[in-house]
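Notes to accompany the following structure.
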Amino acid sequence: MGRFGIMLCIALPLAAGDLVVKATMPTQTWAYHERSLGWLLLLLALLAGMAAVTQIPSTAVTVATGVFVGGLLGNMLSAAWNGMEVPNPLILGGTHAMLAFNLADIWSLVGILLLVSTIGIWMIRNRDLLPPPPMRAARARAWERLFGNARE
């Protein structure tokens with residue numbers, strides 16, 4: 001199936017769950033967040049980037065990518081179907097609401113946290129595959145040229 005297929009198998013049910021919640025839970029008029037065409041284009045670019053990230057040979061990274069893409073798709077599709085407004089039926093704050101959000105927002109945030117941690121772990125475990133860092137002596141000489149002998 002490949003890593004891209006695994007990402008979609010995770011992302012599509014998460015996005016569908018978000019869309020079901022948005023369709024079935026009432027949303028107060030103030031809890032709709034207007035989005036722009038630029039926002040939509042940015043999310044499309046992020047989707048393309050996530051397709052590239054799935055090429056990292058790690059199942060954990062692929063799963064994290066799926067969670068993030070589930071959030072992106074949920075918000076993109078709901079904005080496209082609601083006149084570029086995203087409903088946020090989940091509210092925190094009691095009688096004086098402080099925060100309105102939706103499941104896609106949660107998937108996006110969790111996906112970002114998972115991506116950062118899984119890519120970081122993969123990089124540490126596979127540091128021999130990464131290009132070598134610049135030589136320390138060259139870095140020290142550049143520091144000297146820029147700032148002089150500031151260590152005194």
Side-chain angles (χ1 to χ4, degrees), residues 1-134 136 139 142-143 146-147:
M1 174 164 44
R3 287 187 273 280
F4 187 78
I6 293 169
M7 178 193 71
L8 287 179
C9 286
I10 294 166
L12 294 177
L14 292 177
D18 170 66
L19 295 173
V20 167
V21 167
K22 289 174 183 170
T24 58
M25 290 185 70
T27 302
Q28 298 179 24
T29 55
W30 63 265
Y32 280 85
H33 294 159
E34 189 174 337
R35 300 295 182 221
S36 67
L37 182 59
W39 173 84
L40 190 60
L41 292 174
L42 175 65
L43 291 189
L44 286 171
L46 281 170
L47 283 175
M50 291 301 103
V53 169
T54 62
Q55 299 308 303
I56 295 173
S58 166
T59 304
V61 171
T62 303
V63 169
T65 304
V67 174
F68 183 58
V69 168
L72 294 180
L73 287 174
N75 277 329
M76 282 177 57
L77 294 173
S78 66
W81 291 333
N82 290 306
M84 293 306 288
E85 290 187 339
V86 177
N88 294 289
L90 306 174
I91 298 172
L92 286 177
T95 58
H96 299 290
M98 301 295 286
L99 181 66
F101 60 99
N102 56 57
L103 285 179
D105 296 337
I106 295 171
W107 305 150
S108 296
L109 290 173
V110 169
I112 289 168
L113 293 172
L114 290 173
L115 276 168
V116 169
S117 60
T118 57
I119 290 173
I121 291 168
W122 182 86
M123 288 176 69
I124 290 168
R125 288 183 178 167
N126 296 285
R127 68 180 73 110
D128 56 313
L129 300 175
L130 301 173
R136 287 194 176 136
R139 195 173 9 195
W143 183 268
L146 289 172
F147 303 107

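Keep in mind that this is a model prediction, so the values were computed, not measured. Each residue takes its place number in the sequence, starting with 1.
Taking every heavy atom of both residues into account, Gly17 and Leu103 meet most closely at O-CD1, 4.0 Å. Leu115 and Ala64 make their closest contact through N-CB, 3.7 Å (heavy atoms, listed as atom of the first residue, atom of the second, distance). Taking each heavy atom of Ala31 and Thr27 in turn, the nearest pair found is CB-CG2, 3.8 Å. The two residues Met76 and Leu44 have their closest heavy-atom pair at CE-CD2, 3.4 Å. Scanning all heavy atoms of the two residues, the minimum distance from Pro87 to Asn102 falls at O-ND2, 3.3 Å. For Asp18 against Ala104, the heavy-atom pair with the smallest separation is OD1-N, 2.9 Å.
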Side chain to side chain contact (heavy atoms under 4.5 Å, CB included) between Leu99 and Ile91, intermediate numbers included
CA-CA 6 Å; Leu99 181 66; Ile91 298 172; over 6 Å; no
Please lay out, stage by stage, how Val63 and Leu114 fare under the test side chain to side chain contact (heavy atoms under 4.5 Å, CB included).
CA-CA 9 Å; Val63 169; Leu114 290 173; 5.7 Å; no
Full working for side chain to side chain contact (heavy atoms under 4.5 Å, CB included) between Asn88 and Tyr32
CA-CA 6 Å; Asn88 294 289; Tyr32 280 85; over 6 Å; no
Report the C-alpha distance between Thr65 and Phe4 in whole Å, list the side-chain angles of each, state the deciding distance to 0.1 Å, and finish with yes or no for side chain to side chain contact (heavy atoms under 4.5 Å, CB included).
CA-CA 9 Å; Thr65 304; Phe4 187 78; over 6 Å; no
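To the nearest 0.5 Å, atom CG of residue Leu113 and atom OG1 of residue Thr118 are 10.5 Å apart. Taking CE of Met84 as the start and CG of Leu37 as the end, the distance is 6.5 Å to the nearest 0.5 Å. The distance from atom CH2 of Trp39 to atom NE2 of His33, rounded to the nearest 0.5 Å, is 11.5 Å.
Remark: side-chain polar atoms of Arg35 are not paired, donor with acceptor, to backbone N or O of Glu85 under 3.5 angstrom. Side chain of Arg127 to main chain of Ile124: a donor-acceptor pair is present (N/O by atom type, distance under 3.5 Å, no hydrogens or angles). Between the side chain of Trp107 and the backbone N or O of Ala15 there is no donor-acceptor pair closer than 3.5 Å.
Arg3 is not listed as a side-chain neighbour of Ile56, based on a closest heavy-atom distance of 4.5 Å or more. Counting heavy atoms from C-beta on, the side chains of Asp105 and Asn75 come closer than 4.5 Å. In this structure, Val53 and Phe68 have side chains that are not in contact, with every pair of non-hydrogen atoms separated by 4.5 Å or more. In this structure the side chain of Leu43 never reaches within 4.5 angstrom of the side chain of Leu47, judged on heavy atoms. At a threshold of 4.5 Å between non-hydrogen side-chain atoms, the residues Pro57 and Trp122 count as touching.
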